[in-house]
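Residues: numbered from 1 along the sequence shown.
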Amino acid sequence: MPQIFPPNANAFAKWAIIGGALFVGLLAVALVIYARTITYAVGVPVAQPVDYPHNLHVAQLGIDCRYCHTSVEVAASANVPATETCMTCHSQVRVGAPALQAVADSWSSGLPIEWNRVHNLPDYVYFNHSAHVNNGVGCSTCHGRIDQMTQIWKAEPMTMGWCLECHRAPERFVRPDTEVFNMAYTPPADQLTLGAELVAAYHIDTDKLPQCSTCHR
Ligand code: HEC
Ligand code: HEC
Ligand code: HEC
Ligand code: HEC
Ligand code: HEC
């Protein structure tokens with residue numbers, strides 16, 4: 001019977017398998033590295049379709065976070081404002097400014113501005129803003145000095161280990177409820193004493209906090 005495969009076919013098949021396995025391995029490594037750069041990019045300012053300066057609006061104009069992030073105290077999501085919120089002022093202020101062109105376009109077309117997300121947990125993680133904000137966890141503990149940023153960056157890694165650092169010992173971080181929106185808050189020297197009192201006052205369930213089912217449900 002004539003040979004169907006040439007004599008060197010075995011060698012070829014062997015190298016094809018090794019090459020294929022190497023390729024898949026390298027691809028997996030590349031994907032993991034890529035995923036980490038998106039998920040854990042701490043301190044990298046994120047560019048936006050409108051160069052919206054938080055520092056100017058928050059620190060100089062004194063606008064409260066809740067003016068734009070309206071649901072932060074009542075819902076899981078903090079929500080990013082609609083163009084209408086910008087237009088309450090920018091229908092009169094800086095009309096025609098090049099920096100506001102994309103806002104004007106969105107207003108006339110009715111299409112929302114496509115803001116790029118800075119923070120984005122994987123879908124299998126449950127997070128809830130109101131649970132934190134109503135239990136003495138300040139915006140700046142997780143987001144840093146937003147009042148000093150033009151473009152926003154992630155101030156903390158938002159990894160499971162980072163979440164657990166607080167969920168295992170919330171008394172190290174909680175503050176009086178009057179200070180939650182204070183960007184410049186610094187913890188007092190007796191934080192652990194104050195923190196323990198606040199944890200009791202807020203009825204924070206310290207047994208539940210580190211359990212898997214709190215964040216993975
Ligand atoms: C006048 C409206 C306005 C005010 C006031 C405002 N923000 Fe924002 N915020 C925005 C807009 C628009 C975006 C989306 C663009 C961006 O990320 O820069 C945003 C984005 C953010 C993000 C990033 C969201 C993401 O994609 O992960 C955080 C965090 C944030 N704001 C926190 C705050 C805090 C804290 C305050 C109060 C100190 C505040 N903001 C005040 C309009 C506002
Ligand atoms: C409460 C009023 C108010 C709201 C609401 C508001 N702004 Fe402003 N914004 C101002 C004022 C005042 C200035 C500064 C104008 C100046 O310096 O002449 C400004 C400046 C700006 C600038 C810089 C303009 C330039 O020419 O450099 C941008 C960009 C901007 N705002 C975007 C936005 C966006 C986007 C929103 C909605 C998410 C928004 N603003 C909401 C009042 C507001
Ligand atoms: C315990 C940490 C923590 C605190 C406190 C916190 N945030 Fe966030 N914030 C996050 C995380 C985590 C995300 C990403 C959520 C996701 O991807 O589902 C986020 C996302 C956001 C977003 C994007 C929209 C959204 O809900 O995904 C905005 C806007 C925001 N935060 C504003 C605020 C403001 C304003 C405060 C204070 C009133 C605040 N945050 C307090 C951790 C926190
Ligand atoms: C600085 C402290 C702190 C950090 C950081 C923090 N948490 Fe929390 N978390 C709390 C406190 C305090 C509560 C309120 C507990 C209670 O209601 O008894 C809470 C509650 C929760 C709840 C329960 C909400 C509910 O409705 O039952 C979830 C889910 C949660 N956190 C997820 C996260 C995730 C995910 C992260 C990281 C991305 C995170 N937290 C980071 C302090 C923190
Ligand atoms: C306070 C909130 C919180 C608690 C409690 C928590 N996780 Fe997570 N978990 C997260 C967050 C946020 C991520 C995604 C970010 C990351 O990969 O670090 C995550 C990611 C994971 C992943 C994916 C890991 C990876 O590297 O891709 C697994 C598996 C996991 N958690 C299992 C658990 C188990 C098991 C428990 C209980 C022992 C637990 N988690 C408790 C917040 C939490």
Side-chain angles (χ1 to χ4, degrees), residues 38-123 125-158 162-163 166 173-187 198 202:
I38 337 179
T39 328
Y40 306 140
V42 174
V44 181
V46 176
Q48 299 290 352
V50 183
D51 221 346
Y52 165 75
H54 267 84
N55 53 355
L56 185 143
H57 291 82
V58 173
Q60 284 181 47
L61 302 175
I63 311 178
D64 192 279
C65 313
R66 287 162 287 187
Y67 186 90
C68 291
H69 304 298
T70 48
S71 63
V72 77
E73 286 179 301
V74 290
S77 157
N79 83 286
V80 167
T83 305
E84 200 179 354
T85 309
C86 314
M87 290 308 280
T88 50
C89 295
H90 288 292
S91 57
Q92 282 115 43
V93 179
R94 305 283 289 153
V95 180
L100 284 157
Q101 189 57 48
V103 178
D105 290 349
S106 159
W107 188 238
S108 55
S109 69
L111 297 172
I113 300 168
E114 305 237 347
W115 301 108
N116 297 315
R117 292 208 59 145
V118 182
H119 307 80
N120 208 351
L121 294 176
D123 288 342
V125 181
Y126 175 72
F127 180 76
N128 187 318
H129 272 94
S130 66
H132 292 90
V133 176
N134 296 324
N135 283 294
V137 186
C139 313
S140 64
T141 302
C142 300
H143 293 304
R145 294 297 299 264
I146 296 280
D147 60 328
Q148 296 177 348
M149 299 178 192
T150 22
Q151 290 179 344
I152 305 242
W153 61 80
K154 217 191 273 177
E156 300 290 342
M158 306 274 158
W162 175 78
C163 306
C166 180
F173 301 95
V174 287
R175 41 173 106 169
D177 56 7
T178 49
E179 304 297 329
V180 166
F181 293 89
N182 178 359
M183 291 290 118
Y185 181 80
T186 45
L198 290 172
Y202 294 133

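The minimum heavy-atom distance linking M149 with Q151 is given by the pair CB-O, 3.5 Å. Here the shortest heavy-atom pairing between E156 and T141 reads CG-O, 3.9 Å. Residues P49 and E114 share a closest heavy-atom pair of CG-O, 3.2 Å.
Side-chain N or O atoms of S108 include one that pairs as donor or acceptor with a backbone N or O of A104 at under 3.5 Å. Under the 3.5 Å distance criterion, the side-chain polar atoms of N134 are matched with a main-chain donor or acceptor of E73. Listed for the R66 side chain is no donor-acceptor partner under 3.5 Å among the backbone atoms of V72. Between the side chain of Q60 and the backbone N or O of N55, no donor-acceptor pair lies under 3.5 Å. At least one donor-acceptor pair closer than 3.5 Å links the side chain of H129 to the backbone N or O of A76. Between the Y52 side chain and the H57 main chain, no donor and acceptor come within less than 3.5 Å of each other.
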Task: Stepwise side-chain contact (heavy atoms from CB on, under 4.5 Å) check, R94 with C89 - done: CA-CA 9 Å; R94 305 283 289 153; C89 295; over 6 Å; no
Open item on the list: One pair to check against side-chain contact (heavy atoms from CB on, under 4.5 Å): W115 and V50. What are the steps and the verdict?
Closed with: CA-CA 8 Å; W115 301 108; V50 183; 3.8 Å; yes
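Between S77 and N79, the side chains place no donor N or O within less than 3.5 Å of an acceptor N or O (distance only, hydrogens not considered).
In this pair, H143 and H119 present their aromatic rings perpendicular. The plane angle is above 60°, beyond the 30 to 60° band.
Atoms CD and OG1, from Q148 and T150 in turn, are 10.5 Å apart once rounded to the nearest 0.5 Å.
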